[in-house]
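Reviewing the structure listed below.
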Amino acid sequence: MIECYAYLSRAVPDLDLRELSRIIVNSRGFNATYDITGVLLYDGAMFYQYIEGPSEPLADARQRIEASRHHYDIQVLLDGTPHTPGAFPTWSLGYLMLDQPAQALQALVIPADHADLVGAFAALAAESDAM
Ligand SMILES: Cc1cc2nc3c(=O)[nH]c(=O)nc-3n(C[C@H](O)[C@H](O)[C@H](O)COP(=O)(O)O)c2cc1C
């Protein structure tokens with residue numbers, strides 16, 4: 001079964017961008033192996049992430065995400081079954097740096113509506129060239 005997981009969190013204040021690029025490369029490797037797709041946004045202070053994929057590997061990824069010492073104050077926006085799977089089908093983990101906080105994501109009522117959530121991530125991703 002395909003499930004999804006989305007959250008926002010606070011990056012540690014001394015986050016090193018080289019360390020972040022290492023995290024992204026590792027995450028992409030795991031996600032690609034297990035058919036997980038999604039997107040990670042970073043505004044310089046907060047992370048916003050949406051991923052979806054088969055339940056077991058998604059739960060593994062979630063465990064590692066929540067255990068990471070590189071962020072804290074994780075607020076789960078949504079977990080469960082996506083309304084329509086395949087939000088970011090070609091991205092094992094699209095990444096982009098925002099030049100301002102993602103207010104559309106911060107304003108979502110939790111648990112977020114899946115379509116609203118994916119729409120907000122997609123709109124933010126479309127504003128910039130996701131890598
Ligand atoms: C912002 C962020 C996003 C992450 N995304 C994923 C992911 O999509 N898939 C995954 O398997 N692990 C993900 N991870 C976990 C990392 O790949 C790695 O296991 C973890 O960062 C290692 O712990 P450390 O950050 O304490 O060194 C993420 C970690 C962070 C901090």
Side-chain angles (χ1 to χ4, degrees):
M1 204 214 299
I2 299 298
E3 297 199 343
C4 65
Y5 169 60
Y7 69 88
L8 51 83
S9 66
R10 220 164 272 286
V12 291
D14 56 349
L15 182 71
D16 178 349
L17 285 181
R18 285 167 301 186
E19 186 75 358
L20 178 58
S21 61
R22 185 191 61 77
I23 289 170
I24 292 167
V25 169
N26 285 341
S27 300
R28 283 178 175 162
F30 180 86
N31 293 2
T33 305
Y34 293 101
D35 291 331
I36 293 172
T37 52
V39 61
L40 175 68
L41 312 177
Y42 176 50
D43 66 13
M46 295 188 67
F47 289 117
Y48 313 83
Q49 187 172 16
Y50 174 90
I51 48 175
E52 64 177 51
S55 336
E56 276 188 32
L58 193 77
D60 286 352
R62 175 177 181 164
Q63 224 168 31
R64 273 198 305 280
I65 289 168
E66 293 184 352
S68 170
R69 66 198 151 84
H70 289 100
H71 62 169
Y72 60 102
D73 274 0
I74 295 175
Q75 267 184 276
V76 178
L77 295 169
L78 182 65
D79 59 353
T81 310
H83 186 253
T84 314
F88 302 100
T90 59
W91 290 345
S92 58
L93 191 60
Y95 170 70
L96 66 104
M97 183 134 188
L98 306 174
D99 49 23
Q100 54 190 8
Q103 282 169 355
L105 290 171
Q106 291 179 9
L108 288 171
V109 175
I110 297 173
D113 172 79
H114 183 260
D116 289 350
L117 180 75
V118 165
F121 270 99
L124 289 159
E127 280 169 18
S128 178
D129 288 331
M131 297 186 287

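We number each residue from 1, following the sequence as shown. The basis for the numbers below is simple: all heavy atoms, side chains too, and nothing from hydrogens, waters or symmetry mates.
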How many angstroms lie between atom [atom1] of [X] and atom [atom2] of [Y], to the nearest 0.5 angstrom?
X	Y	atom1	atom2	value
Leu77	His114	CG	NE2	11.5 Å
Ile24	Arg22	CD1	CZ	11.0 Å
Leu78	Glu3	CG	CD	10.5 Å
Tyr42	Gln49	OH	CD	14.0 Å
Ile23	Leu17	CD1	CG	10.5 Å
Cys4	Leu117	SG	CG	7.5 Å

Does any N or O in the side chain of [X] come within less than 3.5 Å of the main-chain N or O of [Y], such that one atom is a donor and the other an acceptor?
X	Y	value
Glu52	Gly38	no
Arg28	Leu93	yes
His71	Leu8	no
Ser21	Arg18	yes
Ser55	Met1	yes

Do [X] and [Y] come close enough that some side-chain heavy atom pair is under 4.5 Å?
X	Y	value
Tyr7	Glu66	no
Tyr95	Leu20	yes
Leu15	Phe47	yes

Specify the closest pair of heavy atoms between [X] and [Y], including all atoms of both residues, with the distance to one decimal.
X	Y	value
Ile36	Ala61	CD1-CB, 4.2 Å
Ile2	Pro82	O-CD, 3.2 Å
Pro57	Pro54	CD-O, 3.3 Å

Under 4.5 Å between side-chain heavy atoms, counting indirect links through other Ile/Leu/Val/Met/Phe/Trp/Tyr residues: same cluster for Met97 and Val12 or not?
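Linked, Met97 and Val12 end up in one cluster.
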Leu40 with Val25, same ILVMFWY side-chain cluster at under 4.5 Å:
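Shared cluster, no.
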With a 3.5 Å cut-off and sequence neighbours excluded, list the donor-acceptor pairs that the side chains of residues 99-113 form with protein atoms.
| residue | atom | partner | partner atom | Å |
| --- | --- | --- | --- | --- |
| Gln106 | NE2 | Tyr48 | OH | 2.9 |
| Asp113 | OD2 | Ala115 | N | 3.2 |
| Asp113 | OD2 | Asp116 | N | 3.0 |

Look at the rings of Phe88 and Trp91 and say which category their plane angle falls in: under 30° parallel, 30 to 60° tilted, over 60° perpendicular.
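Ring orientation of Phe88 relative to Trp91: parallel.
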Anything under 30° is parallel, anything over 60° is perpendicular, the rest tilted; go ahead and classify Tyr50 against Phe121.
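Taking Phe121 first and then Tyr50, their aromatic rings sit tilted (interplane angle of 30° to 60°).
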Excluding sequence neighbours, so at least two apart, what forms salt bridge (charged side-chain N to carboxylate O under 4.0 Å, His left out) with Asp79?
Arg62
Using a 6.0 Å cut-off, check whether atom CZ of Arg10 has over 12 heavy atoms from anything other than its own residue.
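No, because the 6.0 Å sphere around CZ of Arg10 holds 12 heavy atoms or fewer from other groups.
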Evaluate whether atom OH of Tyr72 has more than 12 neighbouring non-hydrogen atoms of other residues, nucleotides or ligands under 6.0 angstrom away.
yes
Go through Asp60 and Phe30 one step at a time and tell me if the side chain to side chain contact (heavy atoms under 4.5 Å, CB included) criterion holds.
CA-CA 10 Å; Asp60 286 352; Phe30 180 86; 3.9 Å; yes
